[in-house]
Amino acid sequence: MKLIYGVNDKPKLGQLIIFALQQLLSIMAATLVVPVIINQICGTTMSSAAALFGAGIGTLVYILFTKKKSPVFLGSSFAFIDSMAAAFAGGVSMSLGYLGLIIGAIFAGLVYVVIAIVVKFAGVNWLNKLMPAVVIGPTVAIIGLSLAGNAVGDLTKGSVPDAAASPFAAIFCGLVTLFTVITCSTYGKKTAKLIPFIFGILAGYAVSAVFTAIGYAADIDAIKILNIEPFKALVAEGVTLSTFFAVPDFTFLTAFKGVGEINGAYLATIAVAYIPVAFVVFAEHIADHKNISSIIETDLLEDPGLHRTLLGDGVGSIAGAIFGGCPNTTYGESVGCVAITKNASVYTIILAAILSIVISFVSPFIAFVNSIPSCVMGGVCMALYGFIAVSGLKMLQSVDLNKNKNLFVASTILISGIGGLTVSFGQVTIKSIACALILGILVNLAVSKAKDSDQ
């Protein structure tokens, strides 16, 4: 893949700001929704704006540890949702639960630190042998394919509360978004080719706004697609300074109040909830970095080294949780954005992180993002998740699939991953991606001694 901007390239300031906004929009919806899910599950009041601030801080930490060589944005991790919910289980106070979120992220981050130390001294050759292209390629493909249901599900939904939007209207808005992205990326010149997602989101948003306006004017719920409630909330108590700027409710502010309530049993609960999941997310860390390595044609596990990417991810996750409560992880959406736009400039990621910190204080922008219809983001994600899947399949180009041993490895990973194989041990669930990777490694080890003549 020929990049328009390499990792070390620095676009002009005007372009850089637009590119950074695009990166931000590609990851923002998912980052903001994790605290929303926890609020729904646990009845908490976690701040989405604080999660966005934490993601920006975590990304800057990651970029620092990786010596500005890995162009990936960190966002709120979905893998830790059950772990985060465990922090509030048993009727604990809100302050202790918030403290549990930070302690849990520290436990998970320390897992990464320990693995990083091992890798620093043992190297990564063993890892490359354990996870060659025939294993990691299908696993990366599964990351994209496992999200396909989310993209398609969003494509059929509007976002207006208490209004059952027609799936046809929602799909139309989503397809306008998708085809705008495709058109800009395929036929666009210069800037249009580099920011197809911004044009796509704006086009889908505009169409959904027209539908919604007609829907309210004619009292037709079926075409009410755009949720205007976030904007109403801004002026619910009149236009004040907080209408435009508001300090996020940072997690640590509430967590400090729970220090006196902590005890050994609660610490054990948090450790059991977070530490095993960290090992599972480690597998996804490897897959994500193999994927971005193939895109930028530089092996990040060698330079800056897996130990640095792990430290960046782990420490960045802790930093993010201190502010936003959510452990962070490298985002496939960010990788997909790099792949589609062919813009791997790490300066884009750095500015996107800075903007996420600044924007978390800007109430109208947060309201705008919260108002983007699900179907519009569904159209965007069809492209993003599809590129992740295709990136994994491209890794198989170097693999001889005429050999049965390679076919068995790849097919086992694809079927177990697409089929949604999961294994639970008490409160700990090994998700389908990790299960597929582990099973693929075992199959690969079982057939690795087979001679070519046996194929």
Side-chain angles (χ1 to χ4, degrees), residues 1-7 9-29 71-73 141 144-145 147-148 151-152 154-156 168-211 225-226 291-292 294-297 331-349 351-352 368-369 372-394 397:
M1 175 185 292
K2 185 177 180 180
L3 297 171
I4 297 174
Y5 288 102
V7 174
D9 293 338
K10 191 173 183 179
K12 295 179 181 179
L13 181 59
Q15 290 180 313
L16 188 60
I17 293 173
I18 300 299
F19 299 158
L21 280 172
Q22 177 172 248
Q23 264 285 344
L24 197 54
L25 287 172
S26 71
I27 62 88
M28 189 176 284
V72 184
F73 198 101
L145 294 173
L147 295 168
V152 173
D154 285 344
L155 190 70
T156 62
F168 297 103
I171 290 173
F172 181 81
C173 293
L175 291 181
V176 167
T177 304
L178 175 62
F179 277 94
T180 301
V181 171
I182 292 172
T183 301
C184 290
S185 184
T186 305
Y187 298 105
K189 304 296 183 182
K190 296 182 179 180
T191 302
K193 195 176 186 71
L194 284 162
I195 55 169
F197 296 112
I198 287 183
F199 284 115
I201 290 173
L202 291 178
Y205 195 95
V207 173
S208 66
V210 171
F211 277 178
I225 306 294
L226 181 66
N291 190 10
I292 192 67
S294 69
I295 293 169
I296 65 176
E297 298 181 347
Y331 255 29
E333 289 91 337
S334 177
V335 176
C337 189
V338 171
I340 292 174
T341 63
K342 297 181 176 61
N343 173 19
S345 171
V346 73
Y347 294 100
T348 297
I349 305 297
L351 184 56
F368 165 72
V369 173
I372 296 176
S374 297
C375 54
V376 171
M377 292 310 299
V380 169
C381 288
M382 284 188 72
L384 285 174
Y385 299 157
F387 258 72
I388 296 170
V390 172
S391 295
L393 296 177
K394 285 174 66 178
Q397 289 179 328

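A 4.5 Å side-chain heavy-atom check between Tyr347 and Asp9 finds every atom pair outside the cut-off. In this structure the side chain of Val335 reaches within 4.5 angstrom of the side chain of Ile295, judged on heavy atoms. Contact check for Phe19 versus Ile195: side-chain heavy atoms found under the 4.5 Å cut-off. When side chains are defined from C-beta on, Val380 counts as touching Ile201, because their heavy atoms get closer than 4.5 Å. Using a 4.5 Å heavy-atom threshold, the side chains of Asn291 and Ile388 count as touching.
How far CZ of Phe197 is from OG1 of Thr180: 12.0 Å, rounded to the nearest 0.5 Å.
Listed here is the closest heavy atom pair of Ser334 and Phe73: OG-N, 3.1 Å. Of all heavy-atom pairs spanning Val207 and Val176, the tightest one is CG2-CG1, 4.0 Å. Across Leu155 and Gly174, no two heavy atoms sit closer than the pair CD1-CA, 3.5 Å. For the residue pair Pro11 and Leu16, the shortest heavy atom distance occurs at CD-CD1, 3.9 Å.
Under the rule for a side-chain contact (heavy atoms from CB on, under 4.5 Å), the partners of Ser26 that lie at least two apart in sequence or sit in another chain are Gln23, Cys337, Leu384. Scored by the side-chain hydrogen bond (donor to acceptor under 3.5 Å, both in side chains) test, Gln22 finds no partners at all (sequence neighbours excluded).
Checking side-chain atoms of Thr348 against main-chain N and O of Ala344 turns up no donor-acceptor pair under 3.5 Å.
The environment of CZ in Phe368 is crowded: more than 12 heavy-atom neighbours from other residues, nucleotides or ligands sit within 6.0 Å.
The stretch residues 380-389 participates, sequence neighbours left out, in these side chain to side chain donor-acceptor pair (under 3.5 Å) pairs: Glu333-Tyr385.
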